Amino acid sequence: MRLRTGLLLGVLSAAALFTITQTRLWQTGRGAVAPLDLIAGGPAIAPVGRIWIDTDAACGAVSRTDPDDCFAIVWLVARGADVVGISTSFGNASGEMVATTVADLARAMAQDGMAVPPVFVGHQSPLLETSSVSPGAAALRDALHDGPLTVLALGPLSTIASALNGQPGLQANVTRLVAVMGHRAGHLFHPSEGRGSGALLGHGPFFRDLNVAVDPDAVRAVLAMDLPVTLIPYDAATDIMITATDLDLLAAQSPVMARVSLTARDWLAYWTADIGLRGFYPFDWVAAAYLGHPALFNCAETGAVMAREWAFWALPRAGLQVGAAPDDAGEAGAMVLYCPQTADALHDLLVPPL
């Protein structure tokens, strides 16, 4: 009897697994949703002006840490963007490791002759676990007191929410918040997005919308502030791939870019060996490019709402879903610009060919 029961359960499990893996959702990570009304190259946004960067950079701190935050920072500073300050966060690595990584990067940029903005340690844990205002949040407040500021959030929104909570005058000085987060309903994150040959049975929900997942309360707080927000999601980077050839080209630009490119080699090896793609997607770097070249992005004016989602269809967690208005349960939501597509020219802007 036990043998028959075990065999039956095995057959049913195999059948269920086969059914799941044959669905479009599992294979591509995409549920069926109505398309958004994207505007090519727009809508237009106010000039960027002064910039503040909040980052969870971990570039090469340990094996398999993505380098795109460091590429974003070096790229903006090298191009002469008016970056008035950088605050560190957590997510890609611990807050302590991120602070060390960004401090080392700042020293390398200074040695390379760049005009390096000051770096401040921001929140190293979620908003509700933090009892005081971090140096990074305090410095961001000071910068907003000095005038309008575009905030580029490459990590969770903990430091930004802390700086702006209860500060309507400072909130009014946020020209725009550009954040790397948000997705359509039914999107199961995976690096291959149905393209690569690696990983379990071609797909599966293995990644998270990390910047939301590590501190959803900070996202809720910021959405309630009614700031001008642009979301640069996972999708925006999937048309751009950084390959070994690209890393060679980047390394030839400057000593500091060579340093960052070297830290990217393990990350590239992970994507090629385990994911089955010839390169990696530069998520945060794409968001940095939006600041200077918003016309290279196709965007929609739409609603974004915090919603309960399910990991592996069993474990509840908070997610930032785009394309819906706040629901009757009172979940935090706001109108945003959602920019999931980029122009072909963006790759060569990031990695100029010889």
Side-chain angles (χ1 to χ4, degrees), residues 51 53-61 64-79 81 83 86 91-93 98 101-102 105 109 152-155 178-183 189-193 195-196 207-211 230-254 256-272 274-294 296-298 339-353:
I51 297 168
I53 301 174
D54 188 76
T55 177
D56 61 343
C59 328
R64 293 187 178 179
T65 49
D66 58 275
D68 47 326
D69 289 62
C70 288
F71 279 126
I73 293 168
V74 173
W75 187 81
L76 282 171
V77 173
R79 293 172 68 87
V83 181
I86 299 173
N92 282 330
V98 171
T101 299
V102 177
L105 180 67
M109 288 192 293
L152 175 63
L154 303 179
V178 178
V180 184
M181 59 181 59
H183 63 278
F189 288 92
H190 186 278
S192 74
E193 296 295 302
R195 301 177 185 179
F207 274 19
R208 300 175 291 167
D209 194 356
L210 182 67
N211 293 340
T230 293
L231 301 180
I232 306 294
Y234 193 103
D235 284 354
T238 57
D239 290 331
I240 300 171
M241 191 171 286
I242 303 300
T243 66
T245 300
D246 292 327
L247 292 182
D248 291 339
L249 290 170
L250 291 165
Q253 290 183 1
S254 67
V256 69
M257 195 60 94
R259 171 193 172 119
V260 177
S261 298
L262 181 61
T263 70
R265 295 291 176 175
D266 284 344
W267 186 241
L268 175 62
Y270 164 59
W271 280 69
T272 55
D274 291 11
I275 297 170
L277 296 176
R278 63 186 182 88
F280 61 85
Y281 304 138
F283 304 107
D284 297 316
W285 195 2
V286 169
Y290 176 82
L291 300 187
H293 302 272
L296 295 180
F297 291 74
N298 299 339
C339 303
Q341 293 180 0
T342 63
D344 292 341
L346 184 55
H347 177 275
D348 288 352
L349 182 70
L350 302 182
V351 188

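Because the structure is predicted, anything quoted here is derived from the model rather than measured. In what follows, every heavy atom counts, from backbone to side chain, and hydrogens, waters and symmetry copies are set aside.
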Quick check for you: to the nearest 0.5 Å, what is the distance between [X] atom [atom1] and [Y] atom [atom2]?
{"X": "Asp344", "Y": "Leu296", "atom1": "CG", "atom2": "CG", "value": "10.0 Å"}
{"X": "Asp66", "Y": "Phe71", "atom1": "CG", "atom2": "CZ", "value": "10.5 Å"}
{"X": "Ile86", "Y": "Ile73", "atom1": "CD1", "atom2": "CD1", "value": "5.0 Å"}

What closest approach, in Å, do [X] and [Y] show between heavy atoms, and which atom pair accounts for it?
{"X": "Val256", "Y": "Met109", "value": "CG2-CG, 3.8 Å"}
{"X": "Cys59", "Y": "Thr101", "value": "N-CG2, 3.8 Å"}
{"X": "Val178", "Y": "Ala287", "value": "CG1-O, 4.2 Å"}
{"X": "Met181", "Y": "Leu231", "value": "O-CB, 3.5 Å"}
{"X": "Trp271", "Y": "Gly279", "value": "CE3-O, 3.4 Å"}
{"X": "Pro352", "Y": "Leu350", "value": "CD-O, 3.5 Å"}

Quick one: are [X] and [Y] in side-chain contact, heavy atoms under 4.5 Å?
{"X": "Leu152", "Y": "Leu76", "value": "yes"}
{"X": "Val74", "Y": "Leu105", "value": "yes"}
{"X": "Cys339", "Y": "Tyr290", "value": "yes"}
{"X": "Val286", "Y": "Phe297", "value": "yes"}

Measure the acute angle between the ring planes of Tyr281 and Phe283, then classify it against the limits of 30° and 60° as parallel, tilted or perpendicular.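 Tyr281 and Phe283: perpendicular rings.
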Hey, can you tell me if His293 and Trp75 have their rings parallel, tilted or perpendicular (30° and 60° cut-offs)?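 Aromatic pair His293/Trp75 classed tilted.
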Set of side-chain hydrogen bond (donor to acceptor under 3.5 Å, both in side chains) partners for [X], sequence neighbours left out:
{"X": "Asn211", "value": "none"}
{"X": "Arg278", "value": "none"}
{"X": "Thr65", "value": "none"}

Say whether, by atom type as modelled, one donor and one acceptor occur between the side chain of [X] and the main chain of [Y] under 3.5 angstrom.
{"X": "Asp248", "Y": "Thr245", "value": "no"}
{"X": "Asp284", "Y": "Asp68", "value": "no"}
{"X": "Asn92", "Y": "Ala57", "value": "no"}

Could you work out, with side-chain contact (heavy atoms from CB on, under 4.5 Å) as the rule, every residue matching [X], not counting sequence neighbours?
{"X": "Ala72", "result": "Leu154, Trp285, Ala288"}
{"X": "Ala258", "result": "Ala251"}
{"X": "Thr272", "result": "Leu268"}

If we ignore angles and hydrogens, is there a donor and acceptor under 3.5 Å between the side chains of Thr243 and Asp246?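 There is such a pair between these side chains.
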Heavy-atom count around Asp348 CG within 6.0 Å, excluding the residue itself: above 12?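 Buried by this count: over 12 neighbours within 6.0 Å.
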